[in-house]
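What follows is a set of notes on a single structure, which appears directly below.
By convention in this document, chain letters (A, B, ...) are assigned in the order of the sequence lines, proteins followed by strands, and residues within each chain are numbered from 1. The analysis underlying the following values was restricted to heavy atoms, covering all of them including side chains, and did not include hydrogens, waters or symmetry mates.
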Protein chains: 2
Amino acid sequence: MKVPRPVIKRMPVYYRCLERLKNEGVKYVSSQKLARRLHLKDSQIRKDLSHFGKFGKRGVGYEVESLLNDITKILGLHKQWKVIVIGAGNIGKAIARFRALEKNNFKVVAVFDTDKRKIGTELLPGLKILDMASLRDFVGREGADLAILAVPASSAQAVANDLQKAGIRGILCFAPVTLNCAIPVEYVDITAFLKTLAYSVLTEKYNV
Amino acid sequence: MKVPRPVIKRMPVYYRCLERLKNEGVKYVSSQKLARRLHLKDSQIRKDLSHFGKFGKRGVGYEVESLLNDITKILGLHKQWKVIVIGAGNIGKAIARFRALEKNNFKVVAVFDTDKRKIGTELLPGLKILDMASLRDFVGREGADLAILAVPASSAQAVANDLQKAGIRGILCFAPVTLNCAIPVEYVDITAFLKTLAYSVLTEKYNV
DNA sequence: AATATGTTGTGAAAGCTTTAACGAAAAACG
DNA sequence: CGTTTTTCGTTAAAGCTTTCACAACATATT
């Protein structure tokens, strides 16, 4: 049975909260305590988890470490994902250098660009910017699962087509466009988040 | 009457699509044509827009430029928003240098950090990294509406408290935490997007 | 051993969002 | 000038998600 998208979007939120609790040395947590931390309803958390199995103990709650492991498996984070970054502009470079990815088992294995002046530059030890023309070869040879698309909107669709042909299985798209793709795509339009935020600021009720 | 959040999240998507159409020189567009571009249902687009007024002409569609102007007003993008960036790490620096913000009427007026070695560095002409200790003074003196929070999760809540006290009205949070705030917050957890993407890749139906 | 307290998992109800359907208006055409 | 085609705005229905409410279980307490 298909799991609703809102549920899937909340799983990483549970994940990071449990990670935190684990670091704080907490052994058990109830849906109620989680709910208070995350501004959700306890019943929603229980219902969400119930889509994947039974993880809690009545009268006790959830064992933090074991639930974290279960969610790790659900999200497929127990094996490492090879990620390539396309576009070595501001965003692309920042992502490539962003340590949180590796901590979460996403390994940036290459960065690509078309700009001759950038190609060959070393972003991190062992991570040089490669020519976009070598994308297909690279993916065929080294393998890569996911791509982070950080190119201008005008070239995003063309690059997405290349990525699919190369065998990439999912795209995280920072370009402000809607792609036509047969593989899964997640969109992160930073200006769109700011626009939503601006709207919220303008329309929020006055708080004393 | 309150506008549903899913509707608000789609408004920037309409915005960027209309912007594109305008650049392509298109004068009129129907809900059906928009829907095909955005992988939505035409009835959804009409219903979404109906929350804010009547913008179309029966038998004709929407005038691209005028609808774009209307959405600009709805989202509050006709006046410039002053934005500060907190945290001059990979993400913070990339955002501060990111030109798309200015094009969308979000002006980065300052970047803050606590690291003595970074303070004073010039990120762009006229945009130096300031001491976090001067935040409150700065916002009081120069004014700022929104903050982009790009600090580690461990300090995010403390900084968010400072931002509220300083008079910031909305936060775009890149830290992987849920904040306790009285002002609007939008979350952009990049690793969370990758996790959702990983899940989709694992569970998608096999396509021939 | 009986009672009190706490918490899960779940079926049913409530609430919300999307989609379908259609009358009304605008333009195009013969 | 009436007919056909197109498309909007809106009401109602369908579909989906969240919340409620409670039985079932677990532990602690007397």
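The CD1 atom of Ile45(A) sits 9 Å away from the P atom of dT8(C) (whole-angstrom rounding). With rounding to whole Å, Ile8(A) atom CD1 is found 13 Å from dT17(D) atom C1'. Counting to the nearest Å, the P atom of dT7(D) and the CD atom of Glu63(B) are 16 Å from each other. The NZ-C1' distance, from Lys54(A) to dT10(C), rounds to 9 Å in whole Å.
Near-neighbour residues of DNA chain C inside residues 27-37 of chain B, defined by a heavy atom below 4.0 Å, are absent.
A salt bridge does not link Lys22(B) with Glu63(B): none of the charged nitrogens is closer than 4.0 Å to a carboxylate oxygen. Between Asp145(A) and Arg169(A) there is no salt bridge, since no side-chain nitrogen of the basic residue lies less than 4.0 Å from a carboxylate oxygen of the acidic one. A salt bridge between Glu19(A) and Lys195(B) is absent, with no side-chain N of the basic residue lying under 4.0 Å from a carboxylate O of the acidic one. In summary, Arg97(B) and Glu102(B) do not engage in a salt bridge, as defined by a charged side-chain N under 4.0 Å from a carboxylate O. Ion pairing of Asp162(A) with Arg136(A) is absent here, as no side-chain N (NZ or NE/NH1/NH2) approaches a carboxylate O to less than 4.0 Å. Using a 4.0 Å cut-off between charged side-chain N and carboxylate O, Arg37(B) and Glu24(B) make a salt bridge.
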Checklist outcome for this item: For nucleotides 18-27 of chain C, 5' to 3', base contacts (B), sugar-phosphate-only contacts (S) and non-contacts (-) with protein non-hydrogen atoms under 4.0 Å give BBBB-BBBSS
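Taking the six-membered ring for Trp and the full ring otherwise, Phe174(A) and Tyr187(A) have centroids separated by 6.0 Å or more.
If you run side-chain contact (heavy atoms from CB on, under 4.5 Å) between Ile86(A) and each of Ile148(A), Asp113(A), Leu135(A), only Leu135(A) comes through.
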